[in-house]
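Small disclaimer: the values here were computed from a predicted structure and weren't measured. So that the names make sense, note that chain A is the first sequence line, chain B the second, and so on, each numbered from 1.
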There are 2 protein chains.
Amino acid sequence: MTRRVGLTTERLTRAGAELADEVGFDQVTVSALARRFDVKVASLYSHVKNSQDLKTRIALLALEEMADRAAAALAGRAGKDALTAFANVYRDYAREHPGRYAAAQLRLDPETAAASAGVRHAQMTRAILRGYDLTEPDQTHAVRMLGSVFHGYVSLELGGGFSHSAPDSQESWSRTLDALDALLRNWPAPPNTPTTPTG
Amino acid sequence: MTRRVGLTTERLTRAGAELADEVGFDQVTVSALARRFDVKVASLYSHVKNSQDLKTRIALLALEEMADRAAAALAGRAGKDALTAFANVYRDYAREHPGRYAAAQLRLDPETAAASAGVRHAQMTRAILRGYDLTEPDQTHAVRMLGSVFHGYVSLELGGGFSHSAPDSQESWSRTLDALDALLRNWPAPPNTPTTPTG
DNA sequence: CCGAGTTGCCTAAAAGCATTAGGCAAATGC
DNA sequence: GCATTTGCCTAATGCTTTTAGGCAACTCGG
């Protein structure tokens, strides 16, 4: 007597993402997932290649979800409005789905990364800068800096770095976005290089 | 016939840090460490409580090392000079010791964190801001933002996020520091709140 | 509606890591 | 020189990962 549960790569990935949010991404294990479906561990190996494969799929799912949310948030917005909306997508997603967010940080091999929704993120960040007056290569520098701030802030906040101390994190987040907006509106020129005297 | 190797919590922690730098922090395992000392696994348990304890010790070591470097870098510097020196300590440390840097990201329980060198980091970041004209609560916001940028940038760079694309990462890093300096010299006032009409 | 083939989950087994209990030899101290 | 402590060991358990091979239950052509 055999009982077919209806396992699928899809379903496993989704369940893995939920599991990650509940117990943390590094606690996502093939065994735990099998338990969740009340199925023997070996059964999962018909649907995912191995543990690494499972984790990669969860990461890709998270990247997709974030990119979708970001795209929706950016629609019809520009300037600071767009910047804020975009940034909040990251922060909100990380708070709603800490495990998925952690998954999205997984180091993907170059091909996988290139085929992931990660590139959409980069394009959207660049799109935000259309509302400001930046040209290459400053635009790229700014893209990288924005990504760093968003990721860094969210990651430190999630790690508890800003809790238990005043002022509360929401306030710092708002002021950080204010500061970034001001910075982008007034992006500094490169400082003097010794080879190009100004006097 | 027994052979005493001279295991110590100290030595295990140090070797664990080296191992982390070589194979990645998440590959640091009690077994691997035992192998490295050519000793049976159980022997380590007289010196570290468990795997978690070992990892925490490595994290604390990394935090100490970074704080020491930062303190040395800050001595005799102020303003942008201090900002740059401090930031470079992080980036350089992460590049020299990726495993240790990853360890430093480990989520510590509040008591451990409070007793760690992490608080020195926060104090030093605040010290940098003495060279700029910020008062509370903006100083705290700026501290958090700086921490976010440094951590975010280094972490994305280490993950390969900025490789294989122009301009090179060093350039973006320099320009990011320029931008942060400009921002701190010109930190924006909070925007109008609807409850305080300006007209 | 029924037999052939495919699919889906299973049992079994090997290997690695974490952790604990208890032993014995070597170092230490009086 | 003997008692004690210390330091590493053997042994054992339990969990996770992964592969190989089996059997029941669906599916589909006749």
Go nucleotide by nucleotide along DNA chain C from the 5' end; which of A42(A) and N50(B) gets its closest nucleotide reached first?
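Result of the comparison: A42(A).
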In terms of heavy-atom contacts, does [atom1] of [X] have more than 12 from other residues, nucleotides or ligands at under 6.0 Å?
{"X": "E96(B)", "atom1": "CD", "answer": "yes"}
{"X": "E10(B)", "atom1": "CD", "answer": "no"}
{"X": "E136(B)", "atom1": "CD", "answer": "yes"}

Less than 4.0 angstrom from a charged side-chain N to a carboxylate O is my criterion; do E157(A) and R95(A) meet it?
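Yes, E157(A) and R95(A) are salt-bridged.
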Does a salt bridge link D68(A) with R120(A), judged by any charged N lying under 4.0 Å from a carboxylate O?
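So D68(A) pairs with R120(A) through a salt bridge.
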Taking the side chain as C-beta and beyond, is there a heavy-atom pair between F150(A) and T125(A) under 4.5 Å?
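Not touching, per the 4.5 Å side-chain cut-off.
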Produce the list of close N/O pairs, under 3.5 Å, pairing protein atoms with atoms of nucleotides 5-8 of chain D; give distances to one decimal.
| residue | atom | partner | partner atom | Å |
| --- | --- | --- | --- | --- |
| dT6(D) | O2 | R4(B) | NH2 | 3.0 |
| dG7(D) | O4' | R4(B) | NH1 | 3.0 |
| dC8(D) | OP1 | V5(B) | N | 2.9 |
| dC8(D) | OP1 | G6(B) | N | 2.7 |
| dC8(D) | OP1 | L7(B) | N | 3.3 |
| dC8(D) | OP2 | H47(B) | NE2 | 3.3 |

Terminal axes of the helix from dC1(C)-dG30(D) to dC30(C)-dG1(D) (five pairs each): angle between them, nearest 10 degrees
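For the helix from dC1(C)-dG30(D) to dC30(C)-dG1(D), the axes at opposite ends meet at about 10°.
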Could you pull out the protein-nucleic contacts involving nucleotides 13-17 of chain C (nitrogen or oxygen on both sides, under 3.5 Å)?
| residue | atom | partner | partner atom | Å |
| --- | --- | --- | --- | --- |
| dC17(C) | OP1 | R35(B) | NH2 | 2.9 |
| dC17(C) | OP2 | R35(B) | NH2 | 2.8 |
| dC17(C) | O3' | T29(B) | OG1 | 2.7 |

Side chain R91(A), main chain A87(A), donor-acceptor under 3.5 Å
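Between the backbone of A87(A) and the side chain of R91(A) there is no qualifying donor-acceptor contact (under 3.5 Å).
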Strictly distance-based, threshold 3.5 Å: is any side-chain N or O of H97(A) a donor or acceptor partner for the main-chain N or O of D92(A)?
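Side chain of H97(A) to backbone of D92(A): no pair is present.
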